[in-house]
Enquirer: 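This is the structure I have questions about; it appears just below.
The structure displayed is predicted, hence computed values, not measured ones. All chains are named by letter (A, B, ...) in the order of the sequence lines, taking the proteins before the strands, and each is independently numbered beginning at 1.
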2 protein chains.
Amino acid sequence: MLVNPEAEDASRIVEETLFQHGLLLVVGRCSVRYIGRAESKLEPGERMLIIKEDGSLLVHRSTGYEPVNWQPPGCVYHSQARNGVLEIQAVRHRPSESVKVSFDRIFLTSGMNLADSGEFSLHASEEDMHKAILIRPTLLEEGFKPISYEKKVDPGFLDVYGQDSQGRLVVIEVKRKTAGKQAVIQLAKYVESIRGKADRQVRGVLAAPDIAKGVQTLLSGLSLEFKRLDPKKCAETLQQSKATKLATFFKETEMDDR
Amino acid sequence: MLVNPEAEDASRIVEETLFQHGLLLVVGRCSVRYIGRAESKLEPGERMLIIKEDGSLLVHRSTGYEPVNWQPPGCVYHSQARNGVLEIQAVRHRPSESVKVSFDRIFLTSGMNLADSGEFSLHASEEDMHKAILIRPTLLEEGFKPISYEKKVDPGFLDVYGQDSQGRLVVIEVKRKTAGKQAVIQLAKYVESIRGKADRQVRGVLAAPDIAKGVQTLLSGLSLEFKRLDPKKCAETLQQSKATKLATFFKETEMDDR
DNA sequence: AATTAAATTTCGCCT
DNA sequence: AGGCGAAGTTTAATT
């Protein structure tokens, strides 16, 4: 790690870190040029450059959640120090594009190796809600039996698909947030598609924590139903039934995707 | 800036930097808990925490373009050091959510103030392509004369609108990338809308660097046209004609938006 | 404030 | 490799 280094000294850290695929951090005054899917130019200013082990690149300004310039993982790098200017260039193909960062002043540069094997788990995502219904169908309603999930139909993918206690087909559209008009339209399309092929009655159910104001009218008008489904309860259901249990579940129920 | 500090010492830098809205950087071993729109848990590992002047937060692992946890600008922070553990918590409302980062080991912490007034310009955006057509209509075709741009019509806004050398109206849908089915549908809607009101023939032109495979058939079937338009050439056109020139252009041509 | 549309969207899955 | 759908999408523009 170097504080206020000359470009040539910083360059040594940069090259070494890039070579051994470490995490590189450079803070200083730079300009950035991007050419690829679009083109951009960033005039000189003080920013933070991060290059990760996997070759991804981030240029962050002092404000804003998003990087001002970036490259996804898999970039190839080239760097050089000349006339007190440190240039770092990232290139990737498919699509062909490149980002060039030129530092004329460097406050801090550091090469690191972060050991990180910690697991990341995201709960109560929409996919978790799908799974929760599969594991505990009563979350939706008594007697519901899932047949398939993320089933491909004409207009796209329907979330969960099954039959109710009376043998009617049930098409379920799941939303993690308050369901709006768009969700109803989507459900309607799926139901229509299934009705065209099925030989039995088909119900359409919108499952979400809440439904937007006024949308209930639209839903009722299309003879569709709303069922309240709490993401938190879904997450709890998943937590109770561990990943291993889920695996056996899929084997035991032998879901038919005809 | 501190290297391998105790939590209590790091805490001083953190608090001060947060207080004066500087850029905060903490690298170390941490766990992260997020609760809000969804919920997530990140088990201990070595990561980089960035908190910006505007209150945005980023937790970056050693790989991946995207942060593993984050918060948009406008968060309120609370931090404390206890039993050798540094805890930093970001809270925001609307939607209500929070991220808590707990460091049990710190490699590096730094508070900075980045002076950055450099302008960022993204060229060859779709809007740039609109402007380029206005400045040099021959980019589209000989004899084309723009009448208005971003004109409000029933289904939305059409990109550019004008008349050709034979006095026919021309509706142009511009895409910066390969135009797909959606672009054709959009153009068709606009053309239909204009045809309903116009007293002359109306042409529909899709202007893009390329057209998706198979979409040409759809386009032809609707009696619409495709014109190749290179974003790069548009960017060059804009560069030649400076912003000042553009301003006078808008004044001089007195474009009618009836 | 709510809705809609675009993004150098990214990411994942399936064809 | 390309295409489609989802995202804790984010962000900006518009109603």
Enquirer: Rounded to whole Å, how long is the line connecting atom OH of Y65(A) with atom P of dA7(C)?
Expert: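 The answer, rounded to whole Å, is 18 Å.
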Enquirer: What is the separation between atom NE2 on H130(B) and atom C1' on dA13(D), rounded to the nearest whole Å?
Expert: 14 Å
Enquirer: L58(B) has an atom CG; how far is it from atom P of dG8(D), in whole Å?
Expert: 16 Å
Enquirer: Could you pick out which residue, G64(A) or N69(B), lies toward the 5' side of DNA chain D when each is mapped onto its nearest nucleotide?
Expert: N69(B)
Enquirer: Step by step, would you call S98(A) with Q89(A) a side-chain contact (heavy atoms from CB on, under 4.5 Å)?
Expert: CA-CA 7 Å; S98(A) 89; Q89(A) 183 167 21; 3.6 Å; yes
Enquirer: How long is the straight-line distance from CD1 of I172(A) back to CD of E225(A), given to the nearest 0.5 Å?
Expert: 10.0 Å
Enquirer: Using only modelled atom types and a 3.5 angstrom limit, is any donor from either the side chain of Q71(B) or the base of dG8(D) paired with an acceptor on the other?
Expert: yes
Enquirer: Give one of base, sugar-phosphate or nothing for K175(A), where a contact means two heavy atoms less than 4.0 Å apart.
Expert: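 Contact class for K175(A): none.
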Enquirer: What nucleic acid atoms does E97(A) come within less than 4.0 Å of, heavy atoms only: base, sugar-phosphate, or nothing?
Expert: base
Enquirer: Pick the nucleotide of DNA chain D nearest each of E39(B) and P73(B); which residue has the one closer to the 5' end?
Expert: E39(B)
Enquirer: Is E119(B) paired with K41(A) through a side-chain N to carboxylate O contact shorter than 4.0 Å?
Expert: no
Enquirer: Mind calculating the distance between CZ (R176(A)) and C1' (dA6(D)) to the nearest angstrom?
Expert: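 In whole Å, dA6(D) C1' and R176(A) CZ are 11 Å from each other.
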Enquirer: Could you tell me the separation between the NZ atom of K41(B) and the C1' atom of dG8(D), rounded to a whole number of Å?
Expert: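 Taking NZ of K41(B) and C1' of dG8(D), I get 17 Å after rounding.
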Enquirer: Go nucleotide by nucleotide along DNA chain C from the 5' end; which of F120(B) and E66(B) gets its closest nucleotide reached first?
Expert: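 Closest to the 5' end, via its nearest nucleotide, is F120(B).
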Enquirer: The side chain of K177(A) lies closest to which of these nucleotides: dT9(D), dA1(D), dT8(C)?
Expert: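 Selected nucleotide (nearest to the side chain): dT9(D).
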Enquirer: Please report the distance separating the P of dT4(C) from the corresponding atom of dT8(C), rounded so that it comes out in whole Å.
Expert: 22 Å
Enquirer: For W70(B) and dT9(D), is the shortest distance between a side-chain N/O and OP1 or OP2 below 4.0 Å?
Expert: no
Enquirer: Measuring only the P atom in each nucleotide, how far is dG8(D) from dC4(D)? A whole number of Å is fine.
Expert: 22 Å
Enquirer: Rounded at 0.5 Å granularity, tell me how far CG in L23(B) sits from OG in S56(B).
Expert: 9.0 Å
Enquirer: Expressed in angstrom and rounded to an integer, what is the separation of R37(B) atom CZ from dT9(D) atom C1'?
Expert: 8 Å
Enquirer: Applying the Watson-Crick and G-U wobble criteria at under 3.5 Å, what pairs with dT10(D)? Answer none if nothing qualifies.
Expert: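 Result: dA6(C).
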Enquirer: With a 3.5 Å cut-off and heavy atoms only, can you find an N or O donor on one side and an acceptor on the other between the side chain of Y34(A) and the base of dT8(C)?
Expert: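 When only heavy-atom distances are counted, Y34(A) does reach the base of dT8(C) through a donor-acceptor pair under 3.5 Å.
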Enquirer: Near E192(B) CD, under 6.0 Å, is it more than 12 heavy atoms from other residues, nucleotides or ligands?
Expert: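 Atom CD in E192(B) is not packed in, count stays at 12 or less.
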Enquirer: Taking atom P of dA5(C) as reference, at what distance in whole Å does atom CD1 of I185(B) sit?
Expert: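 Atom CD1 in I185(B) sits about 13 Å away from atom P in dA5(C).
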Enquirer: Over how many whole Å does the gap from E126(A) atom CD to dC11(C) atom P extend?
Expert: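 Rounded to the whole Å, the gap is 19 Å.
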